[in-house]
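Taking it in order: structure first as structure tokens, then the write-up.
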Number of protein chains: 2
Amino acid sequence: MKNNQFAIRPTQFGDQITELKEIGFLDKDNSNENDPIKLWKSFLSKAFIEAKTSSNFEEKLRTYMATPDQNLSEYLDSSINVSVQTFYNVALQLLKFNPDVDFSFDNPLKAMEKIQLPIADHRKNNFSVEELKSAWYWLLATHNKDGQNYLDSLAAKGYFISFYGKVSKPMFFNGKTLPVFDPHKLIREVVYVESPQDSDHDGKRDLLKAEILRPYETENGLKVPVLYTASPYNQGTNDETGEKLTHNVNVPLKHKIPNNLNYEDVEYHESSDSLPLARNINGETKKAEETFSRESSYTLNDYFLARGFAVIYMAGIGTKDSDGLRTTGDPEETISTISIIKWLTGDLPAFTNRTDNIEIKAWWSNKKVAMTGRSYLGTLATAAATTGVKGLKTVISEAAISNWYDYYRDGGLVIAPGGFPGEDADVLAEETFSRRLQPGDFNEIKGKWNQKIEEIQKGEDRDSGDYNTFWDARNYHNNFKNITADVFMVHGLNDWNVKPRNVERLWNGIKHNGVTQKIILHQGQHIYINAFRSIDYSDIINLWLTHELLGIDNQAKEIIPDVIVQDNVAPETWTAHSDWANPNNKEVKYNLSGDKLTTENVTSDSESFMDQLPEKDFESYRDDNVTWEQDLIHGDSKLANNQLTFKSAPLTKQLLLDGKINVDLKVASSENLGMLSFQIVDYGKTKRFNVSPTLLSKNSLAGTYDWREDDLREFTLGKESSAKMITKGHINLQNRENAYKVDELKPNIFYNISVELQPTFYKLQAGHQLGLIIYATDFGMTVRGNQNIKYTVQLDQSSLSVPLHED
Amino acid sequence: MKNNQFAIRPTQFGDQITELKEIGFLDKDNSNENDPIKLWKSFLSKAFIEAKTSSNFEEKLRTYMATPDQNLSEYLDSSINVSVQTFYNVALQLLKFNPDVDFSFDNPLKAMEKIQLPIADHRKNNFSVEELKSAWYWLLATHNKDGQNYLDSLAAKGYFISFYGKVSKPMFFNGKTLPVFDPHKLIREVVYVESPQDSDHDGKRDLLKAEILRPYETENGLKVPVLYTASPYNQGTNDETGEKLTHNVNVPLKHKIPNNLNYEDVEYHESSDSLPLARNINGETKKAEETFSRESSYTLNDYFLARGFAVIYMAGIGTKDSDGLRTTGDPEETISTISIIKWLTGDLPAFTNRTDNIEIKAWWSNKKVAMTGRSYLGTLATAAATTGVKGLKTVISEAAISNWYDYYRDGGLVIAPGGFPGEDADVLAEETFSRRLQPGDFNEIKGKWNQKIEEIQKGEDRDSGDYNTFWDARNYHNNFKNITADVFMVHGLNDWNVKPRNVERLWNGIKHNGVTQKIILHQGQHIYINAFRSIDYSDIINLWLTHELLGIDNQAKEIIPDVIVQDNVAPETWTAHSDWANPNNKEVKYNLSGDKLTTENVTSDSESFMDQLPEKDFESYRDDNVTWEQDLIHGDSKLANNQLTFKSAPLTKQLLLDGKINVDLKVASSENLGMLSFQIVDYGKTKRFNVSPTLLSKNSLAGTYDWREDDLREFTLGKESSAKMITKGHINLQNRENAYKVDELKPNIFYNISVELQPTFYKLQAGHQLGLIIYATDFGMTVRGNQNIKYTVQLDQSSLSVPLHED
């Protein structure tokens with residue numbers, strides 16, 4: 001395996017000693033120890049917490065080998081020095097590496113280097129006493145084979161139990177907070193925030209339920225920061241009724257009447273509805289009167305619950321126990337999302353229940369908030385950031401939408417999130433409308449809800465696929481300028497649910513805001529990455545939040561690289577870069593000729609393809625999009641007439657694609673309507689990552705002792721394959737200028753189109769070929785009308801622009 | 001959905017009242033309440049533990065509908081009676097059923113019946129006060145949509161927290177123990193049992209590490225029973241070094257020299273090696289000196305940890321922190337397995353560590369033990385039972401091996417556990433030899449271990465595949481007669497890893513032992529079933545263990561059906577039967593004619609097939625056994641010459657196969673060696689269960705409040721398929737009499753063979769066809785030599801005997 005730790009904080013020797021004292025590895029008995037053997041033994045004795053007597057400890061020592069011939073007990077008894085080699089032989093065993101598999105007792109340092117584990121400074125072959133202290137310090141900060149740093153693995157064994165109840169503030173090691181708060185003593189309470197909105201128009205401001213978990217120590221005066229996850233799924237979902245709303249995508253593409261719209265015509269303007277007055281406050285209390293047992297939690301938040309953070313989950317308007325209606329990402333939902341932050345900073349009231357108007361303040365809050373969560377959750381974090389709300393110090397937005405048009409639409413087409421054909425804003429609203437799960441409440445709101453769903457259906461306008469005011473209201477780009485929180489982005493380069501454009505726009509859209517921005521791009525789809533073996537994601541976020549929310553000067557902003565990208569070729573390889581998808585990246589331009597991509601000049605030439613398939617093939621692809629996807633990129637004969645494929649010559653050297661590939665095409669449709677789809681493909685036999693990460697071990701990652709666990713996972717290579725889709729894009733030929741202006745399309749007339757594909761970061765290996773596939777119906781994303789349309793491309797007036805990475 | 005609860009205990013009204021009082025639903029305030037509305041409201045108020053004030057409680061009431069028009073708060077305010085219909089409208093909501101999906105407020109009773117939820121007795125349309133108490137009692141015992149009874153779902157919400165520390169003995173509801181012990185106060189301790197064996201021949205009795213979790217209340221005098229899981233995997237595994245030992249199965253079948261062996265020639269006799277003396281005891285203590293943090297646990301055990309049981313994990317000889325060597329299931333391993341039981345009953349000493357010989361007794365044990373676990377774990381439970389060891393009251397053996405020959409061999413052939421070609425007793429020994437994980441210990445034992453592996457390799461004798469003394473030592477059938485513990489078996493009818501014969505032999509092998517035996521047969525492969533929605537497995541085991549280990553007269557033996565079988569056609573359907581695979585089941589005999597199975601007479605006819613495949617096809621099937629399996633049962637043209645397939649006429653009515661199908665064949669091989677494989681197939685288009693259960697919700701099943709969680713799962717129907725393998729079997733044509741006697745096989749001479757296939761319980765639907773496939777190489781299980789052998793079957797002298805179920 002290969003270890004990649006980005007959150008190790010360079011630490012001065014003096015600080016190392018201070019920290020070792022704070023966590024108890026150095027104490028009055030061993031601080032002045034001059035015998036390195038005795039010192040090392042005292043460290044080991046503190047680490048072997050399962051052994052409560054010296055006999056038992058000695059037995060444990062005998063189970064480790066120190067040298068190729070001596071066990072650790074024998075070595076400690078017979079040596080006067082701690083050799084560097086011996087120290088790391090033992091360290092590797094402590095880190096769960098295996099001499100049969102991972103290293104050799106003859107040369108542990110070689111393995112340390114190969115696995116990318118830090119080796120402490122040493123002047124000679126033996127550690128001096130000072131060097132040994134430092135080596136122990138770095139060992140504690142080093143990841144083990146199970147993706148956890150050694151100190152955290154000791155925490156999971158109970159190292160910090162003795163600190164429970166004895167600390168009155170957070171403790172730190174190597175710039176990161178430690179799990180010194182008993183997770184079984186967490187205070188769990190519910191409050192109802194009064195949000196400045198009346199989204200269900202009942203004449204009263206919406207009350208929104210929030211579930212709070214905070215360390216018991218807050219009862220004794222500790223002020224804590226909050227990790228806030230806004231999750232519309234959190235209170236339950238309506239899978240069945242949502243499913244019923246799912247749209248039929250087996251419908252033809254329709255001709256659109258041309259328009260002459262400007263952006264001003266579709267621009268969203270804030271509604272000027274008057275707001276009901278705030279409730280009269282009938283009293284105040286410090287004690288909540290409602291609790292909860294098990295929140296629907298994010299394991300990254302769980303990790304922080306023993307580390308001196310409060311965690312809050314709020315589902316927002318239209319969810320169980322809250323007022324309001326779901327809107328799928330509009331400004332009402334943003335107001336709902338940030339209301340709890342305003343409560344945490346004292347700018348909005350919350351009540352103990354929905355009836356009595358007894359106010360409860362966030363008296364335990366240090367008024368610093370970070371938002372976490374993936375997908376819709378990360379989306380709301382992004383939305384919240386665009387308000388510039390006070391107290392929101394940072395958002396960690398994972399796989400987040402930054403513009404709902406880029407989620408459900410593209411280039412004037414209805415484009416489904418991958419894997420969910422027929423899903424749309426109305427379906428998602430219904431799925432998350434968990435007020436339905438409480439029939440007594442639902443009964444009161446049913447009528448308004450049906451009306452709202454109709455309103456959303458009208459607004460989303462599946463008929464045209466055009467950008468309109470409905471979508472402009474849900475386009476957070478419009479408010480990127482207001483972002484003042486630091487933004488930590490995480491996205492999968494293979495996320496075809498929330499496509500990479502969403503994060504690229506955010507990444508490139510706030511570069512002049514003066515905030516710190518970081519991004520991690522992984523090779524997964526629409527997933528979390530907080531339990532991977534090869535990257536210290538939890539540590540990174542710990543370092544980040546310790547800085548952002550606890551105000552510790554740990555140099556998080558300098559230590560964490562701006563851009564971390566998981567390599568798509570070598571497993572367990574993550575690389576730091578300074579930027580991604582920079583618009584100034586140099587480009588290579590490929591011309592189209594015959595079935596080739598070439599950088600040479602080409603002669604006049606055109607090629608055509610049909611959209612229609614024999615009914616039987618159409619039906620089988622309609623019912624099995626995965627097979628369609630495979631047949632398309634492998635050029636299956638069934639699709640021979642339905643696609644144009646162009647390949648470069650085999651690459652003489654590796655190409656690092658970085659950013660947005662653009663397709664410029666001169667094209668004609670045989671009808672007065674038409675759509676095109678594009679895929680960029682890596683052709684070449686090689687083992688590629690499996691689509692989903694592999695489970696390495698179930699429940700093996702615990703945030704601390706006797707606490708919630710996560711499954712350790714990692715991307716692994718699958719069988720050899722001959723092709724892989726790198727990126728894709730779509731356009732309605734009637735939206736040649738932009739997504740809101742509809743152009744005329746005359747049959748068999750050639751038009752120029754320019755299509756920006758989804759951004760990527762992709763290593764194309766030497767010997768492989770870069771490929772472009774042009775086709776029409778995308779079975780996984782577009783409507784599927786199996787229409788009799790012929791498309792003709794004027795190849796010599798078409799090209800592909802590929803941005804390349806430069807470091 | 002459909003609910004199947006087998007563990008609901010019929011309970012007299014008086015006992016219901018007593019129990020409601022014990023758990024606090026009836027108290028001094030409401031016991032004498034004569035107003036049914038007030039009584040119901042008091043029950044609800046106790047159940048809504050999240051609401052800590054009456055305002056909050058009233059708000060919660062408003063979120064439930066009582067009638068099609070009134071919410072629960074309105075109903076309670078306006079009614080004077082609790083109507084049965086209203087009660088169940090609310091009950092269904094409490095049980096998480098959804099009015100949009102599962103029921104209608106107009107007629108809740110209809111849904112209750114359809115979902116199979118119990119409806120309490122009532123004389124009129126309104127519940128009397130007494131009836132209402134009883135209805136509440138039954139509601140608490142009823143499963144919700146998440147596969148948990150309502151009282152357990154309240155426990156998960158914290159209902160029993162107030163009992164923590166206040167109870168000095170277990171509490172019961174409806175015959176099952178309740179989670180009234182704080183799981184975060186468990187005592188975790190390690191002891192080293194001195195086992196009466198010296199399996200590593202170091203002149204000292206083997207010390208075996210045991211990990212114990214017991215309720216804190218044992219410190220104050222509570223004596224508890226033990227759930228003991230013997231798991232060789234528990235201390236870690238050597239996946240890589242085990243993998244290296246995996247045998248090449250791409251080798252030819254070899255001719256065997258005929259022998260004339262009788263059983264006496266291969267019979268295993270106990271070794272008479274003298275045993276080292278027991279250690280001198282240097283002292284005694286009640287306190288352990290070693291602890292542990294997170295055991296590798298079985299979620300069913302986790303469920304019992306808050307319910308007044310201790311749980312012990314022991315990995316046995318040859319594992320980390322223990323002495324000895326792995327043997328893969330021989331009598332040494334059985335001695336190792338039961339040593340902890342002997343400690344628990346006072347018949348063997350254990351020590352606090354491996355050095356000081358300070359004895360520690362199981363002073364907290366009530367001397368009653370059950371064993372749990374699946375696969376190898378269940379196997380060791382079975383093995384332990386065959387010793388008749390005192391204190392072992394019952395074993396719950398899931399997917400357990402009862403004869404290692406039936407795991408790694410069949411009919412004189414090496415037959416791999418499905419999915420693991422090349423695995424064998426030596427590989428498993430290496431994989432579980434976790435002493436290797438402690439290099440300091442491994443260094444001492446390396447030489448002996450290499451010797452042991454060689455010994456196992458010689459004993460397992462892959463060359464012949466014959467039954468021999470090595471296997472006889474690992475055949476627990478020999479000691480079935482000693483079983484005195486009650487046996488609860490669980491097995492998948494599609495388990496091709498530990499094949500169903502293993503459990504059938506146990507089921508039919510102890511019928512005269514005078515013990516109680518129960519069996520659950522499910523439609524899964526090699527899986528656990530303790531987190532399924534459609535069957536109350538945890539409740540069943542709770543009822544069972546409450547009887548077996550706590551000595552409560554709860555009629556568990558009468559209430560739990562002897563045989564429960566999951567239906568292979570209808571989802572979420574489990575049926576009680578009185579027996580399985582009864583040897584006296586009546587049989588239908590099919591003759592073979594052309595490509596047909598027929599009950600009519602047939603005329604003289606023979607058919608041949610080849611074993612050899614074109615090299616390319618052979619290689620692709622070798623590398624992809626799943627495709628081979630599919631091509632075989634679907635009669636793919638690539639295999640047309642390599643199999644004989646016979647099908648019955650479409651069935652005019654459904655057939656319920658129950659037991660062991662037998663194939664009688666007259667057959668010749670073109671060589672002096674040969675093997676045959678058989679599959680019984682269900683031909684007919686229908687939706688069948690997916691191979692693996694579907695995840696319904698992650699972490700949604702908690703054994704109690706703030707405690708370990710399990711994923712809720714269920715078998716769901718997949719896409720339509722046209723065929724499914726029901727059962728299979730194999731034979732070496734040189735083992736026509738039995739597995740140890742080798743017969744001569746002359747080329748092209750016809751011999752009679754009789755092959756018992758793996759037992760089954762299978763509903764073959766009307767309109768489907770019963771099929772038999774005869775072939776040679778089984779790519780997933782046999783050696784794969786791609787040999788040029790032709791097999792000829794004399795059809796008119798061959799037949800198939802199919803046992804049918806009779807109730």
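Since this is a predicted model, take the numbers as computed values, not measurements. Here is the naming used below: chain letters follow the sequence lines, and residue numbers restart at 1 for every chain.
Inspection of non-hydrogen atoms places B/Glu240, B/Thr241 of residues 235-242 of chain B under 4.5 Å from chain A.
Heavy atoms of A/Tyr159 lying under 4.5 Å from chain B are absent altogether. Contact of A/Glu58 with chain B is not made at all, since no heavy-atom distance falls under 4.5 Å. The part of A/Asn98 that comes within reach of chain B is its side chain, from C-beta onward, which places non-hydrogen atoms under 4.5 angstrom from that chain. For A/Leu437, the part lying near chain B is the side chain, with the backbone staying farther off; criterion is any non-hydrogen pair under 4.5 Å. Heavy atoms of A/Gln93 lying under 4.5 Å from chain B belong exclusively to its side chain. Heavy atoms closer than 4.5 Å to chain B are found nowhere in A/Asp182, neither backbone nor side chain. Only the backbone of A/Ala156 comes within contact range of chain B, with at least one heavy atom under 4.5 Å from a heavy atom of that chain.
Comment: B/Asp321 does not engage B/Arg354 in a salt bridge, judged by the lack of any side-chain N to carboxylate O separation of less than 4.0 angstrom. One finds a salt bridge joining B/Asp102 and B/Lys145 here, because a Lys/Arg side-chain nitrogen approaches an Asp/Glu carboxylate oxygen to under 4.0 Å. The pair A/Glu290-B/Lys52 fails the salt-bridge criterion, with no side-chain N (NZ, NE, NH1 or NH2) lying under 4.0 Å from an Asp/Glu carboxylate O.
Ranked by heavy-atom pairs under 4.5 Å with chain A, the first of B/Asn699, B/Asp706, B/Asp441 is B/Asp706. Chain B forms more heavy-atom pairs under 4.5 Å with one residue of A/Lys96, A/Lys244, A/Arg188 than with any other, namely A/Arg188. Comparing B/Leu186, B/Thr63, B/Thr53 by how many heavy-atom pairs each has under 4.5 Å with chain A, the most go to B/Thr63. In terms of non-hydrogen atom pairs under 4.5 Å with chain A, the most contact-rich of B/Arg435, B/Lys698, B/Arg708, B/Arg436 is B/Arg436. If you tally non-hydrogen atom pairs under 4.5 Å between each of A/Lys320, A/His184, A/Arg62 and chain B, the highest count goes to A/His184. Looking only at heavy-atom pairs under 4.5 Å with chain B, the residue among A/Asn71, A/Val190, A/Leu61, A/Asp100 that has the most is A/Asp100. Ranked by heavy-atom pairs under 4.5 Å with chain B, the list A/Tyr705, A/Trp707, A/Phe292, A/Phe105 is led by A/Tyr705.
Side-chain contact between B/Phe442 and B/Phe433: present, with at least one pair of heavy atoms (C-beta onward) separated by less than 4.5 Å. Taking the side chain as every heavy atom from C-beta outward, B/Ile212 and B/Val191 approach each other to under 4.5 Å.
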A/Met65 vs A/Gln70, side-chain contact (heavy atoms from CB on, under 4.5 Å): CA-CA, chis, key distance, verdict: CA-CA 6 Å; A/Met65 287 302 277; A/Gln70 268 191 318; 5.9 Å; no

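Here the side chain of A/Asp323 pairs a donor or acceptor atom with the backbone of A/Leu207 at under 3.5 angstrom. Under the 3.5 Å distance criterion, the side-chain polar atoms of B/Gln148 are left unmatched by any main-chain donor or acceptor of B/Asn144.
Ring geometry for B/Phe48 against B/Phe57 counts as perpendicular: the plane angle is over 60°, on a 0 to 90° scale with 30° as the lower cut.
One distance of note links CG of A/Leu44 with OG of A/Ser73; it measures 11.0 Å at 0.5 Å rounding.
None of A/Thr352, A/Thr355, A/Asp356 except one satisfies the side-chain hydrogen bond (donor to acceptor under 3.5 Å, both in side chains) rule with B/Ser55; the exception is A/Asp356.
Applying the salt bridge (Lys or Arg N to Asp or Glu O under 4.0 Å) test to B/Glu289 and every residue at least two apart in sequence or in another chain returns nothing.
The aromatic ring centres of A/Tyr528 and A/Tyr298 sit less than 6.0 Å apart.
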